[in-house]
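A note on names: the letters A, B, ... follow the listed sequences, proteins ahead of strands, and every chain is numbered from 1. Only heavy atoms go into these numbers, but all of them, side chains included; no hydrogens, no water, no symmetry mates.
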There are 2 protein chains.
Amino acid sequence: MQKNPAQCQFVVALDSIVGKWKPIILYHLLQGKPLRFNELRRLLPDITQRMLTLHLRELEEEEIVKRVVYPQVPPKVEYSITEYGKSLSPILESLHQWGVAHVKRKQLKMNNQEQTETD
Amino acid sequence: MQKNPAQCQFVVALDSIVGKWKPIILYHLLQGKPLRFNELRRLLPDITQRMLTLHLRELEEEEIVKRVVYPQVPPKVEYSITEYGKSLSPILESLHQWGVAHVKRKQLKMNNQEQTETD
DNA sequence: CAGCATCCCGTTGGATACTG
DNA sequence: CAGTATCCAACGGGATGCTG
């Protein structure tokens, strides 16, 4: 790892965001409504139970996500974004926008290529 | 991977940034001055040649970084940020700031914990 | 100088089965 | 419902040696 502390903090921030499903989990929780475990599963059709659990635990550890267990049968657990977690919102937002633009750019390039190929 | 296209773009953006050394490489190139391969190595003392090459190639592929080869002996290759690549700057900047704040927060918490333990 | 090739290992994530 | 446990595959990344 890089020694220079001024440069290392990128990584710290990225660690909280990186993980195959973390951005999407955060996206849904940032909508504001607390979500139950299986609600999240439904929103992320391809995630495995295991990964959902792991990622949620990590986000909880960073205090980005809050986990509330309702002591009842059948069990009910709700996940929500913390106030602190909301501070990630602008970053996610800019990442998202940049991503959209980036994809468009790539597609444009692809089209131009086909164009010149068929010329 | 998530099917919903509106949510997928996070990942696209992250892909361009993620990689153990990419943020730090970008940080240096965003200073504006073109850098030679070995200059970058010196700035990232712990990176291996292999990883520097791989990451630079990926960034080049995304047109975030421009690679210029000077046909001379010994070879000289300069890497610089593209105009397009500069559009990542605000994102990197916010990530950095969030990272700094996040570390401070963690340290504060650690200190408080020691405090209560020794009470 | 600026790489590429090869081999290797640890981590991340996936598949599946089981449980309070 | 909301998880755990176990096993396994893929990939990112590291170490080392060679080259135009």
Boundaries of the DNA chain C segment in contact with chain B, non-hydrogen, under 4.0 Å: dC1(C) to dT6(C)
Y79(A) OH to dA2(D) P, straight-line distance once rounded to whole Å: 8 Å
Nucleotide dT4(D), atom C1' - distance to CZ of R57(A) in whole Å: 10 Å
Geometric class of the W98(B)/Y84(A) ring pair [parallel <30°, tilted 30-60°, perpendicular >60°]: parallel
Nearest-0.5 Å distance that lies between atom CG in L26(B) and atom CD1 in I17(B): 7.5 Å
Interatomic distance, Y79(B) atom OH to E39(B) atom CD [nearest 0.5 angstrom]: 12.0 Å
K22(A) side chain to L59(A) backbone, donor-acceptor under 3.5 Å: no
Residues clustering with M110(B) (ILVMFWY side chains joined when closer than 4.5 Å, directly or via others): none
Please list, for nucleotides 6-15 of chain D, all pairs of protein and nucleotide N/O atoms separated by less than 3.5 Å.
unit_1	atom_1	unit_2	atom_2	d
dG13(D)	OP1	K20(B)	N	2.8
dG13(D)	N7	R50(B)	NH2	2.8
dG14(D)	OP1	K20(B)	NZ	2.7
dG14(D)	OP2	W21(B)	NE1	3.4
dG14(D)	N7	R50(B)	NE	3.2
dG14(D)	O6	R50(B)	NE	3.1

Rounded to 10 degrees, the angle between the two terminal axes of the helix from dC1(C)-dG20(D) to dG20(C)-dC1(D), each from five pairs: 50°
Lys/Arg N to Asp/Glu carboxylate O, E78(A) vs K66(A), below 4.0 Å: no
Lys/Arg N to Asp/Glu carboxylate O, K106(B) vs E62(A), below 4.0 Å: yes
Other residues, nucleotides, ligands: >12 heavy atoms within 6.0 Å of Q31(A) CD: yes
CD (Q72(B)) with more than 12 external heavy atoms under 6.0 Å: yes
Salt bridge (Lys or Arg N to Asp or Glu O under 4.0 Å) partners for E63(A), two or more places apart: R105(B), K109(B)
Interface residues of residues 62-77 of chain A with DNA chain D (non-hydrogen, below 4.0 angstrom): R67(A), P74(A), P75(A), K76(A), V77(A)
Common cluster, L56(B)/V68(B), ILVMFWY with side-chain heavy-atom separation under 4.5 Å: no
